[in-house]
Amino acid sequence: MAPLSTTHHDQPKRSVLLHLVLLVFLVSGYCLSASDPYLTLDYYKSACPTVLEIVRKEMECAVLSDPRNAAFIVRLHFHDCFVQGCDGSVLLDDTIDLQGEKMASINKNALDGFRIIDRIKNKLESDCPGIVSCADILTIAARDAVILVGGPYWDVPLGRKDSTTAGYELATTNLPTAEEGLPSIISKFIYQGLSVTDMVALSGAHTIGMARCENFRGRIYGDFEATTSVKTPISETYLSNLRSICPAVGGDNNVTAMDSLTPDFFDNSFYQTLLKGEGVLNSDQEMYASLFGIQTKELVKKYAHDSIAFFEQFSDSMVKLGNITNSDSFVNGEVRRNCRFVNT
């Protein structure tokens, strides 16, 4: 079976397709793989040999100034690739002629790190004008962000072009939400050509992420206590702390770490919180607690106990994520001079 195209379809057909694909997966256990784009590891070897060094240095400065910047960049990359493929569309600002993705409801209060990409782009335009795409910059920066907070290394295939369009409506349709059920999240990953294993591994990026109160209020005032495997004074204190950060009413923008053990360090402790039923987001805890999570539960246990297995799979899955392509951008795309605006 060929991988599903990442080009969007009209909504009714797409909805039916998602449910059919999910049904096939649940019955057969078959997993799709992301398509292989025309990307190479040495794409900029001659045209811009300093690209990797420039991105790394700028990311070092950004993460040193605030470790949270690592999570911001990884999230930007994910939100970019799930909408039209990895084409830099998430970086576009709204203009008279173009509606970007930044103000979509799922992105509006969730994304940051744009200025970091701007700084990297400015450096590269000075060194190699008109050569390195914003989509490639974001992909490299996500890899370096993970490394800088203790995570694994992986080679980044390069050669993406920047799109001249954005997918405002697709942002809401394609991206998983904090309160979404496991079958629906699985279908969204499979639609992108990513497997259930990829989904569980990529969710591990939450080990360095922060969650807004608005996105975990339903969890901590809902089934949090019911899913806690062993109730102890520590777990009760943890829930109490979460509720002090996120009251039942108000404080929507208050934040907490999704990995309370090592929030600024990329490791497998995020999965250990799920084993205890202390995942902050409903969508995360569903991987371990859902009745549909037979495969995901085993993967959560595996990564919680084996950090090497998690690192290896996360690296592989990040390459697959970065390989989700916008076929149109390879034909009609460009290398933006400014990541926020289409070239004129």
Side-chain angles (χ1 to χ4, degrees), residues 62-76 78-79 103-113 145-146 149-151 175-182 185 200 202-290 293 296-297 300-301 303-304 310:
V63 175
L64 184 63
S65 66
D66 185 353
R68 288 182 62 188
N69 284 328
F72 291 149
I73 295 300
V74 173
R75 183 177 294 176
L76 263 185
F78 181 87
H79 281 234
M103 299 306 291
S105 58
I106 196 167
N107 286 337
K108 187 175 181 180
N109 297 304
L111 300 182
D112 206 331
V146 170
V149 288
L175 288 162
T177 66
E179 292 295 330
E180 201 158 358
L182 185 62
I185 294 175
V200 178
L202 291 172
S203 296
H206 287 171
T207 185
I208 54 170
M210 304 290 284
R212 294 174 61 244
C213 168
E214 182 180 34
N215 291 326
F216 65 89
R217 178 181 287 116
R219 166 101 174 106
I220 62 173
Y221 292 98
D223 67 349
F224 192 98
E225 292 177 292
T227 59
T228 302
S229 57
V230 180
K231 293 180 175 60
T232 67
I234 294 177
S235 64
E236 291 176 1
T237 299
Y238 178 54
L239 177 58
S240 177
N241 288 339
L242 289 176
R243 288 177 173 173
S244 68
I245 294 169
C246 183
V249 178
D252 286 358
N253 292 320
N254 296 347
V255 297
T256 190
M258 286 183 275
D259 174 0
S260 60
L261 300 176
T262 53
D264 294 330
F265 191 70
F266 194 99
D267 58 17
N268 65 334
S269 60
F270 161 76
Y271 297 104
Q272 294 166 15
T273 66
L274 301 185
L275 295 186
K276 296 185 292 184
E278 295 180 358
V280 174
L281 298 181
N282 179 71
S283 55
D284 286 338
Q285 192 59 49
E286 281 268 294
M287 292 190 296
Y288 188 71
S290 172
T296 60
K297 184 173 184 176
V300 168
K301 289 193 290 187
Y303 299 149
F310 165 50

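If you read the sequence from its start, that first residue is 1, and numbering goes on from there. What you are looking at is a predicted structure, and each value in this text was computed from that prediction instead of being measured.
- The heavy-atom pair separating Asn215 from Glu179 by the smallest distance is O-OE2, 3.5 Å.
- Contact check for Pro247 versus Asn254: side-chain heavy atoms found under the 4.5 Å cut-off.
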Side chain to side chain contact (heavy atoms under 4.5 Å, CB included), that's the test. Do Asp264 and Val149 meet it? Break it down for me. CA-CA 7 Å; Asp264 294 330; Val149 288; 5.9 Å; no
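- In terms of the side chain to side chain donor-acceptor pair (under 3.5 Å) criterion, residue partners of Asp284 (sequence neighbours excluded) are, by chain and number, His206.
- Among residues at least two apart or in separate chains, salt bridge (charged side-chain N to carboxylate O under 4.0 Å, His left out) pairs with a member in residues 215-224 are Arg217-Asp252, Arg219-Asp223.
- Partners of Asp66 according to the side-chain contact (heavy atoms from CB on, under 4.5 Å) rule, which considers only residues two or more places apart in sequence or in another chain, are Arg68, Asn69.
- Of the inter-residue distances, the one linking Phe224 atom CZ with Phe216 atom CZ reads 10.0 Å to the nearest 0.5 angstrom.
- A side-chain donor-acceptor contact under 3.5 Å links Tyr271 to the backbone of Val200.
- Judged as a side-chain contact (heavy atoms from CB on, under 4.5 Å), and not counting sequence neighbours, the contacts of Ser269 are Thr207, Asp259, Leu261, Thr262, Asp267, Gln272.
- Arg212 meets the salt bridge (charged side-chain N to carboxylate O under 4.0 Å, His left out) test with Glu214; sequence neighbours excluded.
- Pairing each heavy atom of Pro176 with each of Phe78, the nearest pair is CD-CE2, 4.1 Å.
- Residues passing the ring-ring contact (aromatic ring centres under 6.0 Å, His included) test with Phe266 are Phe310, Phe311, Phe314, sequence neighbours excluded.
- Closest non-hydrogen pair, Gly250 versus Cys213, comes out as O-SG, 4.0 Å.
- Remark: Thr177 engages Glu180 in a side chain to side chain donor-acceptor pair (under 3.5 Å) (not counting sequence neighbours).
- Tyr238 places a side-chain heavy atom less than 4.5 Å from the side chain of Val280.
- In terms of the side-chain contact (heavy atoms from CB on, under 4.5 Å) criterion, residue partners of Ala110 (sequence neighbours excluded) are, by chain and number, Arg75.
- The CD atom of Glu278 sits 6.5 Å away from the OG atom of Ser260 when rounded to the nearest 0.5 Å.
- Applying the side-chain contact (heavy atoms from CB on, under 4.5 Å) test to Ser283 and every residue at least two apart in sequence or in another chain returns Ile185, Leu281.
- Taken to the nearest 0.5 Å, the OG1 atom of Thr273 stands 10.5 Å off from the CE atom of Met258.
- Nearest heavy atoms, Ala71 versus Gly209: CB-CA, 4.0 Å.
- For Lys301, the side chain to side chain donor-acceptor pair (under 3.5 Å) partners are Glu298, not counting sequence neighbours.
- Between Gly293 and Leu182 the shortest heavy-atom distance is CA-CD2, 3.5 Å.
- Taking Asn268 as the reference, nothing meets the side chain to side chain donor-acceptor pair (under 3.5 Å) condition, with sequence neighbours excluded.
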Test side chain to side chain contact (heavy atoms under 4.5 Å, CB included) on Cys246 and Ile220 and set out the steps. CA-CA 9 Å; Cys246 183; Ile220 62 173; 3.9 Å; yes
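- Taking both residues in full, the closest heavy atoms of Val255 and Met210 are given as CG2-CE, 3.7 Å, listed atom of the first, atom of the second, then distance.
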